[in-house]
A.B. asks: 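The structure under discussion is supplied below as structure tokens; questions concerning it will follow.
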Number of protein chains: 2
Amino acid sequence: MRRMTARPGNAHQARLLTLLRDGGPNSRAQLGDQVDLSRSKLAVEVDRLLETGLVVADGLAASRGGRRSHNIRLNPELRFLGVDIGATSVDVAVTNAELETLGHLNHPMDVREGPVAVFEQVLAMAAKLRASGLAEGFDGAGIGVPGPVRFPEGIPVAPPIMPGWDGFPVREALSQELGCPVMVDNDVNLMAMGEQHAGVARTVADFLCVKIGTGIGCGIVVGGEVYRGTTGSAGDIGHIQAVPDGRPCACGNRGCLEAHFSGAALARDATEAAQQGLSAELASRLDTNGALTAVDVAAAAAAGDATALDLIREGGNRTGQVIAGLVSFFNPGLVVIGGGVTGLGHTLLAAIRTQVYRQSLPLATGNLPIVLGELGSAAGVTGAARLISDHLFSPA
Amino acid sequence: MRRMTARPGNAHQARLLTLLRDGGPNSRAQLGDQVDLSRSKLAVEVDRLLETGLVVADGLAASRGGRRSHNIRLNPELRFLGVDIGATSVDVAVTNAELETLGHLNHPMDVREGPVAVFEQVLAMAAKLRASGLAEGFDGAGIGVPGPVRFPEGIPVAPPIMPGWDGFPVREALSQELGCPVMVDNDVNLMAMGEQHAGVARTVADFLCVKIGTGIGCGIVVGGEVYRGTTGSAGDIGHIQAVPDGRPCACGNRGCLEAHFSGAALARDATEAAQQGLSAELASRLDTNGALTAVDVAAAAAAGDATALDLIREGGNRTGQVIAGLVSFFNPGLVVIGGGVTGLGHTLLAAIRTQVYRQSLPLATGNLPIVLGELGSAAGVTGAARLISDHLFSPA
DNA sequence: CGTACTTTCTCCACTCAGTGGACAAAGAAG
DNA sequence: CTTCTTTGTCCACTGAGTGGAGAAAGTACG
């Protein structure tokens, strides 16, 4: 199939594409109800979209008491690629234009192996998805990386945990390889967009999305749009001081949130506890190198191990204190907790909630849900697909 | 004079009004260069504005090598009233449509006397300004109050330091009394708008404006627009925990920033120090009730008193720690420090800068100016005038 | 099956915002 | 006085968008 290259020619067309993406197939009449245009004008714009091939007419809908309507839908052959590069693994998914996931692959990989090795892996996974018949090619790709990004150019800048990527032209390189438009963003922002598109944040204009994985970051959504800050580092809350004179952090300071709670910190603390004989449950899970992972801690906690539960609770308290400050400052309508440690579940959530509800003012917390993300590892790739679709569905 | 009631009829007219407000008188040709409209269309819109009386043609400008242009300017008889209600004083100013202050009055007053008493004072001050010939009436008024506001309705909600104002219909009441449109906002947001319009933040899209007065608040500007949060309490940073298990705060928690540093806290700490005989300089300034104010501390510091300087430095460190967290989170392009304690000057600023530059990541602080506001007490009233002018200069 | 009613979609004349070129007005430079 | 520049006005034209008429394609009911 020849890949689509058209873009909407004006704001009306862009709006229609978005409606079709988020609301699925629709008749002209239904679209007219949502778009505040006369039927005549609407018909003209729909016809133009049909000409570009971005949308197709596909059969008649059931009658609603009168003439049956023609179903208008986004071209079902369109394919987006969503890529989520985490600190320790890579996710790649294919979606259709409605951002429904058609296939999803995951592969463990250390991002510090550098852009060349990771790109090779991503392209191999994309090829595998293509080979399985899910796509003949891609009309666009979104990609998230675990660090700050100069958004317009799609280039990571000074990323602490992936130094080899500094200045690497991710957008251009991937666009070359795939032969389609590419947008790049911070992985946390993509998670926020994913939860906004298909998860718990569908109806909220202003919210925070805290991702606790190897590190800690926070996606900020203002008026439905991701806020990236002046240099693209907004939401970098891992190095906010959580404990005065606390543990030393890789950044050079002491007491950073990330040094006290994150996937890495939790694994480290649990390993120490196990080696000191504080918990037989944890000790039983030590691997051949005498180390534990955050997943082990979650398992031990689920089995009722007091030490594991304490570690989670303490981490949740630290995190909750920081979030409480952010809630006072930002007054969001929702706080989403996601990332690898979501497996720690209710214990973590309860600790965070306790701190936030106790420390922030009632006006800010009175009607503030604090919930776990509902998409899990699909949030990132869905957000990536959403990112490129927002780009392609805006006027050229 | 008959007050203006017209509003711009479309977005073009709104844009033209804004250009004339921020850029002063202009010829049609110069406006055309800034507005991306054909000369014909521009002439039509200018003519319509002339008809409404919002703008006037006033004389010929000097030639620039050809035919002389007609000066177009905002009607010089338009008058806005800017009101800034602080915790301990009221500021009222008159501006023209270009938001230039024509007259400014200040009156000490405790906001806890309640809306009725404060309104009486505000109206008396407005009448005085009118009587002095600065205005025959007002075309609009902006008013700031020291607490969260339900912005669309212009009603304070659950304001901690002015409980008597909860639910009082400020917008409607003042509009009735003055007979003109009124907009209400948090005083901190108005300060941010003031510095954005005429102060240090003129060219920055995303910035924070920290106001340290009786309490502490923070104005948040995202993409040139004030961000108010879901319930209007965004920027309420006074109750972020700055010191674990610190001083008890009026809000019921311990260690809130406001309990450790603010005009009130500084006065309290200085009074204690003076009474304990730690500083002769401070003791010499005790009033008849044996108390000090923040102004006394500033004076003592200026005189080189070590105790006063220490208090300021410690407060600046606390504040700087909290701001450092906000900088990591928000990645602003500028941080403005303002409010009553601006008199503490460089000592305070240096302490704040030290903490922020030390604790936040280089990417966020690399090019981040942290400066004092340049408008002083005029920031609030200017921001208030700007608020109502933004409202009136937007399409009806 | 025929008639009345509903919903969907198309067609078309009309309005109005906006463009761009021609030209007049007014001044500067020589 | 001529030439050139800048400013502002006029006017015919384009194209976006509207709203009503009516065709197309159904359902409901006698």
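Naming: A, B, ... by sequence-line order, numbering from 1 per chain. Quantities reported herein were computed from a predicted structural model and do not represent experimental measurements.
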A.B. asks: Return the set of residues passing side-chain hydrogen bond (donor to acceptor under 3.5 Å, both in side chains) with A:N331 (not counting sequence neighbours), or none when no residue passes.
C.D. replies: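 For A:N331, the residues satisfying side-chain hydrogen bond (donor to acceptor under 3.5 Å, both in side chains) (neighbours in sequence not counted) are B:T231, B:S233.
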A.B. asks: Strictly under 6.0 Å, is that where the ring centroids of A:F330 and B:Y227 end up?
C.D. replies: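 Yes.
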A.B. asks: Expressed in angstrom and rounded to an integer, what is the separation of A:R39 atom CZ from D:dT18 atom C1'?
C.D. replies: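 Result: 11 Å.
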A.B. asks: Can the positive tip of B:R79 be found less than 6.0 Å from the middle of the six-membered ring of B:F138, inside 45° of the ring normal?
C.D. replies: no
A.B. asks: Can you tell me how far CZ of A:R64 sits from CZ of A:R67, rounded to the nearest 0.5 angstrom?
C.D. replies: 14.0 Å
A.B. asks: Residues in salt bridge (Lys or Arg N to Asp or Glu O under 4.0 Å) with A:R130, at least two apart?
C.D. replies: none
A.B. asks: Would you mind reading off the distance between A:E45 atom CD and C:dC9 atom P, rounded to a whole angstrom?
C.D. replies: 16 Å
A.B. asks: Heavy-atom nearest nucleotide on DNA chain D for A:L37 versus A:R64: which residue maps closer to 5'?
C.D. replies: A:L37
A.B. asks: Under the salt bridge (Lys or Arg N to Asp or Glu O under 4.0 Å) test, which residues partner A:E374, sequence neighbours left out?
C.D. replies: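 Applying salt bridge (Lys or Arg N to Asp or Glu O under 4.0 Å) to A:E374 gives A:R202.
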A.B. asks: Report the distance from atom CG of B:L42 to atom P of C:dT19, rounded to the nearest whole Å.
C.D. replies: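 Distance check: B:L42 CG to C:dT19 P gives 10 Å.
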A.B. asks: NA contact type, B:S69, heavy-atom cut-off 4.0 Å: base, sugar-phosphate, or nothing?
C.D. replies: sugar-phosphate
A.B. asks: For A:H197, check side-chain hydrogen bond (donor to acceptor under 3.5 Å, both in side chains) against everything at least two apart and list the hits.
C.D. replies: A:R386
A.B. asks: Would you kindly check whether a donor in the side chain of A:S40 faces an acceptor in the base of D:dG17, or vice versa, at under 3.5 angstrom?
C.D. replies: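 In this structure, the two groups form no donor-acceptor pair.
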A.B. asks: Suppose we screen for salt bridge (Lys or Arg N to Asp or Glu O under 4.0 Å). Which residues come up paired with A:E100, at least two apart in sequence or across chains?
C.D. replies: none
A.B. asks: Provide the full list of salt bridge (charged side-chain N to carboxylate O under 4.0 Å, His left out) pairs with a residue in residues 47-61 of chain B, sequence neighbours left out, each pair given once.
C.D. replies: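 For residues 47-61 of chain B, and leaving out neighbouring residues, the salt bridge (charged side-chain N to carboxylate O under 4.0 Å, His left out) pairs sorted by first residue read B:R28-B:D47, B:E45-B:R48, B:D58-B:R73.
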A.B. asks: Rounded to the nearest 0.5 Å, how far does CD of B:Q34 lie from CG of B:L42?
C.D. replies: 10.0 Å
A.B. asks: Give a yes or no on this: more than 12 heavy atoms of other residues, nucleotides or ligands lie within 6.0 Å of atom CG of A:D33.
C.D. replies: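 Buried by this count: over 12 neighbours within 6.0 Å.
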A.B. asks: Distances under 3.5 Å only, N/O to N/O: pair up the protein atoms with those of nucleotides 13-15 of chain C.
C.D. replies:
none

A.B. asks: Distances for protein N/O vs nucleotides 28-30 of chain D N/O pairs under 3.5 angstrom?
C.D. replies:
none

A.B. asks: Write down the distance between NZ (B:K41) and C1' (C:dG18), rounded to a whole number of angstrom.
C.D. replies: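 Those two atoms, NZ and C1', are 6 Å apart.
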A.B. asks: Can you tell me the distance, in whole Å, between the CG atom of B:N71 and the P atom of D:dG8?
C.D. replies: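 Atom CG in B:N71 sits about 9 Å away from atom P in D:dG8.
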A.B. asks: Among residues at least two apart in sequence or on other chains, which ones pass side-chain hydrogen bond (donor to acceptor under 3.5 Å, both in side chains) with B:E98?
C.D. replies: none
A.B. asks: How would you list, by chain and number, every residue that makes a salt bridge (Lys or Arg N to Asp or Glu O under 4.0 Å) with A:R21, sequence neighbours excluded?
C.D. replies: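 A:D390.
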A.B. asks: Please report, rounded to the nearest Å, how far the P atom of D:dA16 is from the CG atom of A:D47.
C.D. replies: 14 Å
A.B. asks: In residues 12-34 of chain A, which residues come under 4.0 Å of DNA chain C by heavy atom?
C.D. replies: A:R28, A:A29
A.B. asks: Could you run down the sub-3.5 Å N/O contacts of the protein with nucleotides 23-26 of chain D?
C.D. replies:
from: D:dA24; atom 1: N3; to: A:R67; atom 2: NH1; distance (Å): 3.3
from: D:dA25; atom 1: N3; to: A:R67; atom 2: N; distance (Å): 3.3

A.B. asks: Could you check which of C:dG20, D:dT7, D:dA21 has an atom nearest any side-chain atom of B:S38?
C.D. replies: C:dG20
A.B. asks: Using atom CG of A:D36 as one end and atom C1' of D:dA16 as the other, report the distance to the nearest whole Å.
C.D. replies: 15 Å
A.B. asks: From the options B:L16, B:L74, B:I388, select the one residue that forms a side chain to side chain contact (heavy atoms under 4.5 Å, CB included) with B:F393.
C.D. replies: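 The passing option is B:L74.
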